Amino acid sequence: MDVTLEGLTKRFGIQEVLRDVDLQFIGGEVTALLGPSGSGKTTLLNMIAGLVAPSKGRVLMGSRDVTALPIEARNVGYVFQSHALFPHLDVAGNVGFALRVRGVGRRERRRRTEEMLSFVDLPGFGVRAIETLSGGQRQRVAIARALAAEPAILLLDEPLSALDPELRARLRQELRALLERLRVPTVLVTHDRDDAFILADRVVLLHQGSILQQGAPEKVYRHPVSEEAARLLGAANRLPGNKLCRPEDLAIAAAGEQALVTMQVERVLFLGAHWRVTGRAPDGSPIIADLADAQGCAPGEALRLRLRVSPGQAADQPRVPILQF
Amino acid sequence: MRIAILAILAATLGLGLGLPVVFVLAASLHIDGQPGLTLENYADVLSSGYFMGAFGATLLFCSVTAAAGTLLALPCAWWIARGRTGARLLRVLCQVNFAFSGVVYGMLVVTLLGNAGVLALAEAWLLGTDATRGYVYTTGGLAIGYLGFQSPRAAILIAQAVERLDPQVLAAARVLGATSRQLAFLVLLPQLARPVAATFLAVATMSMASFGTALLIARSIEIFPVLIFREFIGFGEIGRAAAMGVLLAVCCIALEMAARRLAPGADASVARMERNR
């Protein structure tokens with residue numbers, strides 16, 4: 001079942017947090033709402049769930065208007081940032097909670113709970129207390145709980161925040177594998193570009209309460225519709241001629257090769273897979289270049305940069321089109 | 001500097017708490033005119049049907065009123081913790097309660113339900129009856145006096161427990177389909193059970209040890225701390241009064257330890273309440 005948002009607007013007093021948002025979430029597709037703090041992404045998620053009432057607009061589940069329905073009648077699966085598991089219930093009690101409050105019989109509840117725990121690769125965990133679970137296990141229990149009552153849509157609020165980088169990277173992969181198996185529309189909120197790119201089929205960029213752009217991760221990264229959209233997804237360099245390019249699109253120009261820009265190097269950082277060289281263009285605008293090899297570059301030096309090309313491409317056909325606004 | 005502060009603290013504690021405790025213990029183990037230490041005062045109290053009856057009655061009365069006071073405090077605590085309209089005023093009113101001694105509560109209830117209390121006079125003027133006249137001196141009147149200081153203190157303690165609840169857990173229950181009733185019975189009350197039980201024990205302990213209200217209005221029931229006061233002031237039975245005090249203290253300490261065991265997080269709150277008593 002698809003979920004559609006029509007002209008959703010939210011005002012808190014005189015402050016407009018969301019403005020005329022139109023979106024459609026399709027069954028089986030994972031959509032990431034990506035934006036900085038205060039862009040309205042969690043408010044949007046809460047309006048879908050019914051936790052926040054819209055000032056204007058409609059939420060449709062299929063063809064049914066659920067805007068006026070109370071939270072408990074919406075049939076929404078929500079995985080909260082803190083997972084919000086019930087500490088007084090064991091894993092099975094948590095997963096079966098939605099069925100319990102719907103009056104589903106004990107036997108059916110147990111069957112469904114076991115099915116959901118198997119789905120999230122936690123078979124036999126039903127009797128475990130919540131405090132004995134690891135962060136990843138808690139997250140999977142929260143997902144199983146949200147899915148147990150077969151919701152019309154699954155919402156995830158910052159599912160990987162507050163985790164250390166190593167665990168975050170591992171859970172990302174686990175979560176991606178889990179979400180790929182779902183048939184309901186899934187919406188996740190994040191301010192982390194990597195989370196959005198790895199987990200989502202579609203990215204919706206939100207900025208100051210409005211949708212800036214939406215599309216496949218690569219499309220919005222490679223073809224941003226504005227400088228704001230470009231910068232929301234990572235660093236971007238402003239080049240002469242009011243053009244933008246990504247740091248990884250720059251390379252050192254060989255002697256005799258025409259340079260796109262000459263940078264006065266300020267800092268050289270080794271980041272493992274590449275070097276990050278930062279400095280300034282002659283007009284003073286900041287430049288960031290991610291280079292495969294920057295040995296020999298030193299602060300204070302002038303570095304001639306060109307656009308990187310893929311093997312077999314001519315130098316005037318860069319791998320990435322320059323973003324021009 | 002730290003050593004000086006520790007020395008001042010040790011001296012203050014020693015003089016303010018240790019010394020009186022030593023004196024009371026020594027007095028409880030001594031009988032005038034007899035040399036050495038004896039447990040006779042304790043035996044006297046423990047074998048007395050009158051004293052033990054009063055102790056049991058006090059324990060029962062304080063337990064029942066503490067339970068009622070804790071239950072009455074639940075909606076108020078919820079209101080305060082959720083920051084509903086007037087929550088700040090309600091919190092201030094509950095906190096003001098700490099400033100009043102038991103005697104003040106006794107006087108307030110007398111003013112309200114005494115022989116010449118406001119309610120009694122209003123009833124006589126409006127209806128020509130005297131049903132509420134002197135009600136303050138009944139067990140019901142005493143219970144109202146106790147509830148007056150128990151409920152606000154319980155409300156503050158429970159509000160702190162409610163504030164510690166994860167709001168996302170409550171939202172999760174609603175999103176999962178729980179009605180308000182299901183939310184209360186399946187999520188809220190199970191999570192609040194331990195803090196509520198700890199609050200009940202803390203309030204019961206506080207009531208067991210307070211005597212100001214009872215001193216003014218207890219007529220229908222013997223309140224144990226009032227008996228201690230009478231033994232000490234009225235009859236000059238210092239040894240017996242001290243033994244009774246020690247027994248009451250042991251009971252209160254046991255109750256308080258149970259409260260702390262039930263809700264470790266409530267320790268600070270209970271300690272604060274005890275300090276303010």
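Treat the numbers as computed from the prediction; the structure is a model and nothing was measured. Proteins come first, then strands; the chains are lettered A, B, ... in the order of their sequence lines, and each starts at number 1.
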### Query
Can L178(A) and Q139(A) be said to form a side chain to side chain contact (heavy atoms under 4.5 Å, CB included), step by step?
CA-CA 11 Å; L178(A) 201 64; Q139(A) 186 189 58; over 6 Å; no
### Message
If the contact rule is any heavy atom under 4.5 Å from chain B, which residues of residues 108-138 of chain A qualify, in numerical order?
### Response
none
### Query
Just one of I153(A), V3(A), L5(A) clears the side-chain contact (heavy atoms from CB on, under 4.5 Å) bar with V187(A), so which one?
I153(A)
### Query
Of all of V76(A), V79(A), D157(A), N75(A), which one pairs up most often with chain B through heavy atoms under 4.5 Å apart?
V76(A)
### Task
Name the region of F97(A), side chain, backbone, both or neither, that has any atom closer than 4.5 Å to a heavy atom of chain B.
side chain
### Options A173(B), A171(B), G177(B), P167(B), ranked by heavy-atom pairs under 4.5 Å with chain A, top entry
G177(B)
### Task
For the pair F80(A) and Y78(A), name the ring-plane relationship: parallel under 30°, tilted 30 to 60°, perpendicular over 60°.
parallel
### Message
Side chains of D65(A) and T67(A): any donor to acceptor distance under 3.5 Å?
### Response
yes
#### Entry: Leading residue by heavy atom contact count with chain B [cutoff under 4.5 Å; candidates R100(A), H83(A), R145(A), R74(A)]
R145(A)
### Task
I would like to know whether T70(B) and T199(B) meet side chain to side chain donor-acceptor pair (under 3.5 Å); could you show each step before the answer?
CA-CA 7 Å; T70(B) 305; T199(B) 300; over 6 Å; no
### Message
Tell me whether M52(B) at atom CE has more than 12 heavy atoms from other residues, nucleotides or ligands lying less than 6.0 Å away.
### Response
yes
### Query
What part of L155(A) lies closer than 4.5 angstrom to a heavy atom of chain B: side chain, backbone, both or neither?
neither
### Message
Which atoms of A193(B) are under 4.5 Å from chain A, going by heavy atoms: the side chain, the backbone, both sets, or neither?
### Response
neither
### Task
Go through R91(B) and E163(B) one step at a time and tell me if the salt bridge (Lys or Arg N to Asp or Glu O under 4.0 Å) criterion holds.
CA-CA 13 Å; R91(B) 187 189 288 273; E163(B) 281 163 355; 2.4 Å; yes
### Message
Tell me whether Q150(B) contacts the main-chain N or O of G69(B) through its side chain, where contact means a donor paired with an acceptor under 3.5 Å.
### Response
no
#### Entry: Contacts of type side-chain contact (heavy atoms from CB on, under 4.5 Å), residue P87(A), not counting sequence neighbours
Q191(B)
### Query
Do you know which of I71(A), N46(A), L89(A), L85(A) has the most heavy-atom pairs with chain B at a distance under 4.5 angstrom?
I71(A)
